[in-house]
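Note sheet for the following structure.
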Amino acid sequence: MTVSIIEKINNLKKKKNAVILAHNYQSAEIQDIADFTGDSLELSRKAADTSADVIVFCGVLFMAQTAAILSPKKTVLLPDKTAGCPMADMITAKQLGELKQKYPDAVVVCYVNSPAQVKAISDYCCTSSNAVDIVNSIDAKKKIIFVPDKNLGQVVSERTGRDMVLWPGYCPTHIFATADDVKKIQAAHPDAVTLAHPECPKPVRDCADELLSTGQMLKYAGKSDKKEFIIATEMGIIHTLKKQNPDKTFYPASEKFICPNMKKITLEKVLFSLEDNKYIIKVPQDIAQKAKSALDKMVAVLPKG
Ligand code: 13P
Ligand code: SF4
(Lines give C-alpha, C1' and ligand atoms only; values in the text may rest on other atoms or scores of the structure.)
(Ligands and ions follow the chains in the order given, each with its own letter.)
Protein backbone atom coordinates (compact mmCIF):
# COMPACT_ATOMS: atom_id res chain seq x y z
CA MET A 1 0.00 0.00 0.00
CA THR A 2 1.42 3.38 -0.91
CA VAL A 3 1.30 6.08 1.71
CA SER A 4 -0.17 9.29 0.36
CA ILE A 5 1.68 12.57 0.68
CA ILE A 6 -0.96 13.83 3.13
CA GLU A 7 -0.51 10.75 5.34
CA LYS A 8 3.25 11.28 5.28
CA ILE A 9 2.80 14.90 6.30
CA ASN A 10 0.45 13.91 9.14
CA ASN A 11 2.81 11.19 10.41
CA LEU A 12 5.78 13.54 10.44
CA LYS A 13 3.74 16.25 12.07
CA LYS A 14 2.94 13.90 14.97
CA LYS A 15 6.51 12.64 15.23
CA LYS A 16 7.98 16.15 15.36
CA ASN A 17 5.16 17.77 17.36
CA ALA A 18 4.66 20.22 14.50
CA VAL A 19 1.77 22.49 13.64
CA ILE A 20 0.91 23.73 10.14
CA LEU A 21 -0.26 27.34 9.93
CA ALA A 22 -1.60 28.54 6.58
CA HIS A 23 -2.56 32.00 5.40
CA ASN A 24 -6.00 32.49 3.81
CA TYR A 25 -4.28 33.08 0.42
CA GLN A 26 -2.74 29.60 0.28
CA SER A 27 -3.96 27.10 -2.30
CA ALA A 28 -6.97 24.94 -1.38
CA GLU A 29 -4.89 21.79 -0.78
CA ILE A 30 -2.61 23.61 1.65
CA GLN A 31 -5.49 25.23 3.53
CA ASP A 32 -7.15 21.81 3.78
CA ILE A 33 -4.15 20.11 5.46
CA ALA A 34 -3.39 23.03 7.79
CA ASP A 35 -4.11 22.83 11.51
CA PHE A 36 -5.07 26.46 11.42
CA THR A 37 -5.82 28.97 8.66
CA GLY A 38 -6.17 32.67 9.21
CA ASP A 39 -5.20 36.24 8.49
CA SER A 40 -1.88 37.80 9.49
CA LEU A 41 -3.02 38.72 13.01
CA GLU A 42 -4.71 35.39 13.70
CA LEU A 43 -1.63 33.48 12.51
CA SER A 44 0.73 35.64 14.58
CA ARG A 45 -1.39 35.03 17.67
CA LYS A 46 -1.43 31.28 16.96
CA ALA A 47 2.36 31.24 16.46
CA ALA A 48 2.84 33.07 19.77
CA ASP A 49 0.54 30.67 21.67
CA THR A 50 1.22 27.24 20.21
CA SER A 51 2.66 24.43 22.32
CA ALA A 52 4.12 22.73 19.21
CA ASP A 53 7.91 22.45 18.85
CA VAL A 54 7.88 23.12 15.10
CA ILE A 55 5.78 25.62 13.15
CA VAL A 56 5.49 24.97 9.41
CA PHE A 57 4.48 28.36 8.07
CA CYS A 58 2.58 28.20 4.80
CA GLY A 59 2.74 31.83 3.84
CA VAL A 60 5.50 34.30 2.99
CA LEU A 61 8.80 35.24 4.62
CA PHE A 62 7.66 38.17 6.79
CA MET A 63 5.01 35.89 8.35
CA ALA A 64 7.54 33.17 9.20
CA GLN A 65 9.93 35.82 10.57
CA THR A 66 7.11 37.20 12.72
CA ALA A 67 6.41 33.69 14.07
CA ALA A 68 10.15 33.22 14.79
CA ILE A 69 10.31 36.53 16.68
CA LEU A 70 7.14 35.84 18.69
CA SER A 71 8.12 32.22 19.43
CA PRO A 72 11.93 32.29 19.67
CA LYS A 73 12.22 28.80 21.18
CA LYS A 74 10.37 27.07 18.33
CA THR A 75 11.72 25.89 15.01
CA VAL A 76 9.92 27.90 12.32
CA LEU A 77 9.97 26.43 8.80
CA LEU A 78 9.08 28.16 5.53
CA PRO A 79 8.66 25.39 2.90
CA ASP A 80 9.89 27.66 0.06
CA LYS A 81 12.59 30.11 1.06
CA THR A 82 11.95 32.28 -1.99
CA ALA A 83 8.34 33.00 -0.95
CA GLY A 84 8.67 36.68 -0.16
CA CYS A 85 6.37 39.68 -0.20
CA PRO A 86 7.30 42.36 -2.73
CA MET A 87 5.45 44.99 -0.70
CA ALA A 88 7.48 44.17 2.41
CA ASP A 89 10.64 44.67 0.34
CA MET A 90 9.56 48.16 -0.72
CA ILE A 91 11.07 49.66 2.44
CA THR A 92 14.45 49.18 4.10
CA ALA A 93 15.61 50.05 7.61
CA LYS A 94 17.92 52.67 6.07
CA GLN A 95 14.99 54.38 4.34
CA LEU A 96 12.87 54.32 7.49
CA GLY A 97 15.84 55.66 9.48
CA GLU A 98 16.05 58.65 7.11
CA LEU A 99 12.31 59.27 7.43
CA LYS A 100 12.57 59.18 11.23
CA GLN A 101 15.32 61.81 11.07
CA LYS A 102 13.04 64.03 9.01
CA TYR A 103 10.18 63.65 11.52
CA PRO A 104 11.97 63.06 14.84
CA ASP A 105 8.83 63.43 17.00
CA ALA A 106 6.65 61.08 14.94
CA VAL A 107 5.50 57.66 16.12
CA VAL A 108 6.29 54.86 13.64
CA VAL A 109 3.58 52.32 12.85
CA CYS A 110 4.65 49.59 10.50
CA TYR A 111 2.41 47.14 8.70
CA VAL A 112 3.37 43.55 9.51
CA ASN A 113 4.20 43.12 5.79
CA SER A 114 7.70 44.52 6.36
CA PRO A 115 11.25 43.26 6.97
CA ALA A 116 12.26 42.39 10.57
CA GLN A 117 14.90 45.18 10.46
CA VAL A 118 12.13 47.73 9.78
CA LYS A 119 10.00 46.37 12.63
CA ALA A 120 13.04 46.68 14.91
CA ILE A 121 13.08 50.48 14.51
CA SER A 122 9.28 50.90 14.61
CA ASP A 123 7.18 51.76 17.67
CA TYR A 124 4.17 49.64 16.72
CA CYS A 125 3.35 46.91 14.25
CA CYS A 126 -0.18 46.37 12.98
CA THR A 127 -2.12 44.24 10.53
CA SER A 128 -5.00 45.29 8.30
CA SER A 129 -7.43 44.06 10.96
CA ASN A 130 -6.19 46.25 13.83
CA ALA A 131 -4.35 49.17 12.15
CA VAL A 132 -7.13 51.67 12.92
CA ASP A 133 -7.33 50.61 16.59
CA ILE A 134 -3.55 50.78 16.98
CA VAL A 135 -3.36 54.28 15.50
CA ASN A 136 -6.32 55.41 17.64
CA SER A 137 -4.44 54.23 20.73
CA ILE A 138 -1.56 56.66 20.02
CA ASP A 139 -1.49 60.16 21.56
CA ALA A 140 -3.66 62.31 19.24
CA LYS A 141 -1.05 65.10 19.18
CA LYS A 142 1.58 62.83 17.63
CA LYS A 143 2.34 62.74 13.93
CA ILE A 144 2.43 59.17 12.59
CA ILE A 145 4.81 57.64 10.07
CA PHE A 146 3.07 54.65 8.44
CA VAL A 147 5.07 52.14 6.35
CA PRO A 148 5.12 50.50 3.84
CA ASP A 149 1.57 50.23 2.41
CA LYS A 150 0.23 53.56 1.17
CA ASN A 151 -3.22 52.05 0.56
CA LEU A 152 -3.75 50.71 4.08
CA GLY A 153 -2.15 53.95 5.32
CA GLN A 154 -4.76 56.01 3.42
CA VAL A 155 -7.60 53.92 4.90
CA VAL A 156 -6.24 54.40 8.42
CA SER A 157 -5.75 58.12 7.88
CA GLU A 158 -9.32 58.50 6.50
CA ARG A 159 -10.80 56.54 9.41
CA THR A 160 -8.83 58.15 12.21
CA GLY A 161 -8.45 61.67 10.78
CA ARG A 162 -4.79 61.53 11.86
CA ASP A 163 -1.85 63.41 10.39
CA MET A 164 0.14 60.61 8.73
CA VAL A 165 3.29 60.43 6.63
CA LEU A 166 2.75 57.55 4.19
CA TRP A 167 5.46 55.50 2.49
CA PRO A 168 4.63 54.83 -1.20
CA GLY A 169 4.67 51.00 -0.98
CA TYR A 170 1.85 48.86 -2.38
CA CYS A 171 0.88 45.25 -3.00
CA PRO A 172 1.49 44.25 -6.65
CA THR A 173 -1.30 41.64 -6.44
CA HIS A 174 -3.98 44.01 -5.18
CA ILE A 175 -3.52 46.39 -8.12
CA PHE A 176 -4.62 43.72 -10.62
CA ALA A 177 -8.33 44.49 -10.30
CA THR A 178 -9.51 47.86 -11.54
CA ALA A 179 -12.62 49.78 -10.49
CA ASP A 180 -14.07 48.95 -13.93
CA ASP A 181 -13.62 45.20 -13.26
CA VAL A 182 -15.46 45.56 -9.96
CA LYS A 183 -18.25 47.71 -11.42
CA LYS A 184 -18.82 45.16 -14.21
CA ILE A 185 -19.26 42.32 -11.71
CA GLN A 186 -21.45 44.51 -9.52
CA ALA A 187 -23.69 45.26 -12.51
CA ALA A 188 -24.01 41.51 -13.21
CA HIS A 189 -24.81 40.71 -9.55
CA PRO A 190 -26.69 43.72 -8.19
CA ASP A 191 -27.62 42.00 -4.89
CA ALA A 192 -24.04 41.07 -4.03
CA VAL A 193 -22.12 42.76 -1.19
CA THR A 194 -18.61 43.86 -2.22
CA LEU A 195 -15.84 43.11 0.28
CA ALA A 196 -12.41 44.59 -0.50
CA HIS A 197 -9.06 44.36 1.22
CA PRO A 198 -7.59 47.70 2.37
CA GLU A 199 -4.50 46.91 0.24
CA CYS A 200 -6.65 47.69 -2.84
CA PRO A 201 -6.07 51.10 -4.46
CA LYS A 202 -8.59 53.87 -3.73
CA PRO A 203 -10.74 53.57 -6.91
CA VAL A 204 -11.44 49.91 -6.02
CA ARG A 205 -11.92 50.67 -2.32
CA ASP A 206 -14.46 53.31 -3.29
CA CYS A 207 -16.59 50.62 -5.01
CA ALA A 208 -16.64 48.40 -1.91
CA ASP A 209 -19.32 48.07 0.76
CA GLU A 210 -16.78 46.96 3.38
CA LEU A 211 -12.99 47.13 3.73
CA LEU A 212 -11.84 44.10 5.69
CA SER A 213 -8.83 41.91 6.44
CA THR A 214 -9.11 38.35 5.12
CA GLY A 215 -10.09 37.03 8.55
CA GLN A 216 -12.74 39.74 8.86
CA MET A 217 -14.12 38.83 5.39
CA LEU A 218 -14.63 35.23 6.55
CA LYS A 219 -16.43 36.38 9.69
CA TYR A 220 -18.53 38.92 7.78
CA ALA A 221 -19.66 36.41 5.14
CA GLY A 222 -20.50 33.85 7.82
CA LYS A 223 -22.71 36.25 9.81
CA SER A 224 -24.35 38.09 6.89
CA ASP A 225 -27.93 37.34 5.75
CA LYS A 226 -26.85 38.14 2.19
CA LYS A 227 -26.31 35.30 -0.26
CA GLU A 228 -23.88 36.80 -2.79
CA PHE A 229 -20.49 38.43 -2.30
CA ILE A 230 -17.92 40.03 -4.61
CA ILE A 231 -14.45 39.48 -3.18
CA ALA A 232 -11.71 42.00 -3.99
CA THR A 233 -8.63 40.25 -2.66
CA GLU A 234 -6.39 37.28 -3.42
CA MET A 235 -8.34 34.30 -4.83
CA GLY A 236 -7.14 31.75 -2.25
CA ILE A 237 -9.71 32.99 0.24
CA ILE A 238 -12.60 31.98 -2.05
CA HIS A 239 -11.93 28.31 -1.21
CA THR A 240 -12.52 28.79 2.52
CA LEU A 241 -15.40 31.20 1.97
CA LYS A 242 -17.19 28.52 -0.10
CA LYS A 243 -16.29 25.74 2.32
CA GLN A 244 -17.63 27.62 5.32
CA ASN A 245 -20.71 28.96 3.50
CA PRO A 246 -22.00 26.30 1.08
CA ASP A 247 -25.33 28.15 0.69
CA LYS A 248 -23.69 31.40 -0.44
CA THR A 249 -22.01 32.47 -3.72
CA PHE A 250 -18.68 34.24 -3.99
CA TYR A 251 -17.44 36.04 -7.09
CA PRO A 252 -13.77 37.07 -7.36
CA ALA A 253 -13.52 40.74 -8.36
CA SER A 254 -10.86 39.62 -10.85
CA GLU A 255 -9.46 36.24 -11.90
CA LYS A 256 -6.05 37.97 -11.88
CA PHE A 257 -6.05 38.34 -8.09
CA ILE A 258 -3.26 35.80 -7.48
CA CYS A 259 -0.20 36.31 -5.27
CA PRO A 260 2.55 34.24 -6.96
CA ASN A 261 4.58 34.09 -3.75
CA MET A 262 1.74 32.66 -1.67
CA LYS A 263 1.26 30.01 -4.36
CA LYS A 264 4.88 28.81 -4.14
CA ILE A 265 3.97 26.53 -1.21
CA THR A 266 2.89 23.06 -2.36
CA LEU A 267 2.11 19.78 -0.56
CA GLU A 268 5.45 18.34 -1.75
CA LYS A 269 7.34 21.29 -0.30
CA VAL A 270 5.49 20.97 3.01
CA LEU A 271 6.54 17.31 3.15
CA PHE A 272 10.19 18.10 2.29
CA SER A 273 10.13 20.85 4.86
CA LEU A 274 9.06 18.42 7.61
CA GLU A 275 11.44 15.70 6.42
CA ASP A 276 14.56 17.86 6.26
CA ASN A 277 13.76 20.82 8.55
CA LYS A 278 13.70 23.15 5.56
CA TYR A 279 13.96 26.14 5.59
CA ILE A 280 14.60 27.26 9.13
CA ILE A 281 13.75 30.94 9.52
CA LYS A 282 15.86 32.74 12.09
CA VAL A 283 16.05 36.42 12.89
CA PRO A 284 19.30 37.77 14.42
CA GLN A 285 18.78 38.13 18.18
CA ASP A 286 19.42 41.88 18.45
CA ILE A 287 16.90 42.60 15.66
CA ALA A 288 14.39 40.08 16.99
CA GLN A 289 14.47 41.57 20.49
CA LYS A 290 13.78 45.09 19.21
CA ALA A 291 11.11 43.95 16.70
CA LYS A 292 9.34 41.90 19.39
CA SER A 293 8.37 44.98 21.33
CA ALA A 294 6.49 46.41 18.29
CA LEU A 295 4.99 42.98 17.50
CA ASP A 296 3.83 42.36 21.08
CA LYS A 297 1.78 45.57 20.86
CA MET A 298 0.23 44.31 17.59
CA VAL A 299 -0.69 40.90 18.97
CA ALA A 300 -2.27 42.51 22.05
CA VAL A 301 -4.84 44.53 20.05
CA LEU A 302 -7.78 42.47 18.85
CA PRO A 303 -9.88 43.97 16.06
CA LYS A 304 -13.23 45.38 17.21
CA GLY A 305 -16.47 43.66 16.17
P1 13P B 1 -4.54 39.76 6.00
O2 13P B 1 -4.73 38.30 5.80
O3 13P B 1 -4.01 40.06 7.37
O4 13P B 1 -5.79 40.50 5.69
O5 13P B 1 -3.38 40.27 5.03
C6 13P B 1 -3.35 40.17 3.67
C7 13P B 1 -2.01 40.06 3.09
O8 13P B 1 -1.74 40.56 2.05
C9 13P B 1 -1.02 39.28 3.71
O10 13P B 1 0.08 39.35 2.92
FE1 SF4 C 1 2.58 40.59 -0.21
FE2 SF4 C 1 0.48 41.28 -1.66
FE3 SF4 C 1 1.26 38.76 -1.66
FE4 SF4 C 1 0.13 39.83 0.52
S5 SF4 C 1 -0.84 39.50 -1.46
S6 SF4 C 1 1.95 38.54 0.44
S7 SF4 C 1 0.90 41.93 0.40
S8 SF4 C 1 2.42 40.53 -2.44
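One is the number of the first residue; the rest follow in order along the sequence. Numbering of ligands and ligand atoms starts at 1, following listing order.
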- Task: Report yes if H23 has an N/O atom closer than 3.5 Å to an N/O atom of ligand 1; otherwise report no.
- Result: yes

(message) Just so I know, are the side chains of V108 and Y124 near enough to count as touching, which here means a heavy-atom distance under 4.5 Å?
(response) no

Short version for E234: what comes under 4.0 Å of ligand 2, heavy atoms counted, is neither

* Are Q95 and T92 linked by a side-chain donor-acceptor pair shorter than 3.5 Å? -> yes

Do we see a donor-acceptor contact under 3.5 Å between the side chains of D80 and T82? yes

Review point. Below 2.8 Å, any N, O or S contact between C85 and atom 1 (Fe) of ligand 2?
Key: yes

* To do: Consider only side-chain N and O atoms of H174 and T233, and report whether a donor and an acceptor are under 3.5 Å apart.
  => yes

**Message:** Between D133 (side chain only) and P303 (backbone N and O only), is there a donor and an acceptor less than 3.5 Å apart?
**Reply:** no

Assess the side chains of Y111 and E199: does a donor N or O sit below 3.5 Å from an acceptor N or O? yes

Of H174, M87, H197, M262, the one whose closest heavy atom lies nearest atom 4 (O) of ligand 1 is H197

Near P86 (heavy-atom distance under 4.0 Å), the atoms of ligand 2 are 8 (S)

Give a yes/no verdict on whether any heavy atom in N261 is under 4.0 Å from an atom of ligand 2. no

Give a yes/no answer: is there an N/O/S atom of C171 under 2.8 Å from atom 2 (Fe) of ligand 2?
yes

>> With a 4.0 Å cut-off on heavy atoms, is M63 in contact with ligand 1?
In response: yes

**Asked** Between K263 and S27, does any side-chain donor sit less than 3.5 Å from a side-chain acceptor?
**Response** no

In ligand 2, the atoms that come under 4.0 Å of a heavy atom of C259 are 3 (Fe), 5 (S), 6 (S), 8 (S)

